[in-house]
2 protein chains.
Amino acid sequence: MISRKDEPFSRSIQNYLKVIYSHTRENRPVSTLGLAEALDVKPASVTNMLQKLDEFEPRLVNYQKHHGVSLTEDGEKEALRVIRRHRLIEQFLYEVLGYSWDRVHSEAEELEHVISPYFEDRLAEFLGEPAFDPHGEPIPNRDLEVTQDESIIPLSLLPVGKKAVVRRVTAGPQELLAYLGEIGLHPGKGVEVVERNPLDGTSRVLVDGMEKFFGVGVTGAVFVSVAE
Amino acid sequence: MISRKDEPFSRSIQNYLKVIYSHTRENRPVSTLGLAEALDVKPASVTNMLQKLDEFEPRLVNYQKHHGVSLTEDGEKEALRVIRRHRLIEQFLYEVLGYSWDRVHSEAEELEHVISPYFEDRLAEFLGEPAFDPHGEPIPNRDLEVTQDESIIPLSLLPVGKKAVVRRVTAGPQELLAYLGEIGLHPGKGVEVVERNPLDGTSRVLVDGMEKFFGVGVTGAVFVSVAE
DNA sequence: AAAATAATTTAGCCTGGACTAAATTAAACA
DNA sequence: TGTTTAATTTAGTCCAGGCTAAATTATTTT
């Protein structure tokens, strides 16, 4: 049994919780292997840490060996705190410091572990309590509630001919983001699928009057809402 | 011999270099004991670290057991980098996020180790390449040059009756800074010593039309330049 | 100069969070 | 169901950077 004193959770713990949270939410495998991959750490290290998190007081995850992990209420709260900081910082870097949206992630990845609650509040206020980060990901509010629009769908599922608006571009590799940014595929932009290859799902997409060709790797990461 | 690869120096190393630099510059004792005190670490730990810094490649300090330390060129450069980040961040917190000047230090103390060179540049640009932080401490420029005004003196040495302008309020305990802030004793403010007790140096000082009473603890930490 | 005190250094230990290699358990398939 | 393969866990190691206790060196006082 490990007690919590008053220090914040370590940077490492924060990362584990954050990754477990995202994997869960996106139905990605929350396996030792999957976590190890995402955290760039060896599987054995993940096992160690999960055991530790399971013994925390208060408990942060429910872990049973060989049967996976899930976050407890407390663990999820902490994960959301980290995510809120991360996305607020991204928004700041983008809006205020003029970062391109493909650069914000890595910087936020560091800062999210370091800013104080006071900084978080002041920053949120300065930014006007933003609800989304530059990629369109929702920013949990002060009470850690996440507004999620259920009506958005991946571009890969948008029927041919329907007009839609980009809502979210899920962080992929930096180069991909950089490219999508260049061609103007940001949240808010109108798009339409002109043609879709029924075999592999590859799509011809109209963006800003220009026609682009995307594989499912891209269209699966771009989320849109269908225009009325 | 310890080689440098490409990682940044550890947070701990950055702190040691920063403290050695400041102690040197302010003629405070750069002793094992003094550093331990400033770093909130035991003397034995300081000895360990100094030995390590002395073996770095490139060497960061010159250290001879029982005979003190000093920074090498490389060590000083790194210290100035940390200090530049620290003061830029303080200025940001104060000017942009609306921190009170007694709160900026502790937050900057963390962030200084985490922001990237790119962040530093963007921030400096956003702030208009400021030359001073909220306490009036000079911010090293991009080339790490520090503009130091030689003509400033501590308020404790300002002759009675001479008008002067506050230039710098050296960080003391947070409560002191908070108090000085409240009574308006910021850089830029005009002051005058009305009377000084020749025994202990205690001074009656005119600030903003109000008369205040300060011991040398305060007047030694407030630096002014005499008005022409 | 000897003795007493203060500062510094050495030696060995501890903790968090990684790692590797070996062992075990679960899953897939013949 | 037995076997092979994949995933996971255990056991023990390493490293940074702290710590304490003991030893040593410097400094001051008598």
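Order of the sequence lines sets the chain letters (A, B, ...), proteins ahead of strands, with each chain counted from 1. Computed from heavy atoms alone, side chains included, the values below leave out hydrogens, waters and symmetry copies.
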Any [X] side-chain nitrogen or oxygen under 4.0 Å from OP1 or OP2 of [N]:
X: A/Ser12; N: C/dA18; result: yes
X: B/Thr47; N: C/dT10; result: no
X: A/Lys65; N: C/dA26; result: no
X: A/Ser31; N: D/dA7; result: no
X: A/Ser45; N: C/dG17; result: no
X: A/Tyr63; N: D/dT8; result: no
X: A/Tyr16; N: C/dG16; result: no

From the options [options], select the nucleotide whose nearest atom is closest to the side chain of [X].
X: A/Gln51; options: C/dA26, D/dT10, C/dG17; value: D/dT10
X: B/Ala44; options: D/dT9, D/dT20, D/dG18; value: D/dT20
X: B/Lys42; options: D/dT20, C/dG16, D/dA16; value: D/dT20
X: B/Leu33; options: D/dG18, C/dA7, C/dT9; value: C/dA7
X: B/Thr32; options: C/dC19, C/dT8, D/dG17; value: C/dT8
X: B/His66; options: D/dT9, C/dG16, C/dT9; value: C/dT9

A/Glu107-A/Tyr99 side chain donor-acceptor pair, cut-off 3.5 Å: yes

Side-chain donor-acceptor pair under 3.5 Å between B/Thr72 and B/Arg59, yes or no? no

Has A/Ser45 got a side-chain atom pairing as donor or acceptor with A/Val41's backbone, closer than 3.5 angstrom? no

Take atom [atom1] of [X] and atom [atom2] of [N], then tell me their distance rounded to the nearest Å.
X: B/Asn15; N: D/dG17; atom1: CG; atom2: C1'; result: 12 Å
X: B/His67; N: C/dT8; atom1: NE2; atom2: C1'; result: 11 Å
X: A/Leu50; N: C/dG16; atom1: CG; atom2: C1'; result: 16 Å
X: B/Leu35; N: C/dA7; atom1: CG; atom2: P; result: 14 Å
X: A/Arg11; N: C/dT15; atom1: CZ; atom2: P; result: 22 Å
X: B/Lys52; N: D/dC15; atom1: NZ; atom2: P; result: 12 Å
X: B/Glu37; N: C/dA6; atom1: CD; atom2: P; result: 16 Å
X: B/Asn48; N: D/dA21; atom1: CG; atom2: P; result: 16 Å

Short N-O contact, B/Arg84 and B/Glu112, less than 4.0 angstrom: no

Which one of B/Glu78, B/His113, B/His86, B/Glu109 satisfies the side chain to side chain donor-acceptor pair (under 3.5 Å) criterion with B/Lys18? B/Glu109

With B/Arg103 as the cation and A/Tyr118 as the aromatic partner, state whether NZ or CZ is under 6.0 Å from the six-membered ring centre and within 45° of the axis. yes

A/Val46 near the nucleic acid: base, sugar-phosphate alone, or nothing, with a heavy-atom cut-off under 4.0 Å? nothing

